[in-house]
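To keep things clear, I will list the structure first and then write my remarks on it.
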Amino acid sequence: MIRRLFWLVLGGSLGAWAAFRLKRLMRALTPQALVHQASGVGQTVRDFTDDVRTAMHAREDELRDALGLDAPTETDKDHH
């Protein structure tokens with residue numbers, strides 16, 4: 001008798017938990033929720049590309065300074 005009650009309570013608990021998770025999943029898959037998630041991902045990608053672009057330009061400036069590529073050459077001085 002107690003074993004049957006145990007399995008009944010366990011089955012009911014697992015069923016309630018599964019129903020709760022399924023309801024939450026279905027709420028997350030509504031069109032409005034998907035649009036909201038996609039806009040968040042889009043903003044994250046834009047922020048990432050902005051950070052990469054900024055770091056790329058900074059590194060390029062460092063390399064140009066280190067290699068002296070921005071310094072005027074002798075041929076540039078003759079033309080000015």
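Every value quoted in this text rests on a predicted model; they were computed, and no experiment measured them. The residues of the chain are indexed from 1 along the displayed sequence.
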Kindly give the heavy-atom pair with the smallest separation between Ala28 and Ala33, and that separation in Å.
-> O-CB, 3.4 Å
Does Val9 belong to the same Ile/Leu/Val/Met/Phe/Trp/Tyr cluster as Leu14, with side-chain heavy atoms less than 4.5 Å apart forming each link?
-> no
Atom CG of Leu25 and atom CZ of Phe20: how far apart are they, to the nearest 0.5 Å?
-> 11.5 Å
Drop me the distance from Leu8's CG to Arg3's CZ, to the nearest 0.5 angstrom.
-> 14.5 Å
For atom CE of Met26, is the number of surrounding heavy atoms from other residues, nucleotides or ligands below 6.0 Å larger than 12?
-> no
Test item: Leu5 and Met1 side chains (from C-beta on) under 4.5 Å apart, heavy atoms | no
Between Leu34 and Leu29, which heavy-atom pair has the shortest distance, and what is it?
-> CD1-O, 3.7 Å
Mind checking the CE-CG spacing from Met56 to Asp61? Nearest 0.5 Å is all I need.
-> 10.5 Å
Ion pair Asp50/Arg53, N-O distance below 4.0 Å | yes
What's the spacing between Arg46 CZ and Asp51 CG if we round to 0.5 Å?
-> 13.0 Å
Interatomic distance, OG1@Thr54 vs CZ@Arg59, rounded to 0.5 Å, equals 15.5 Å
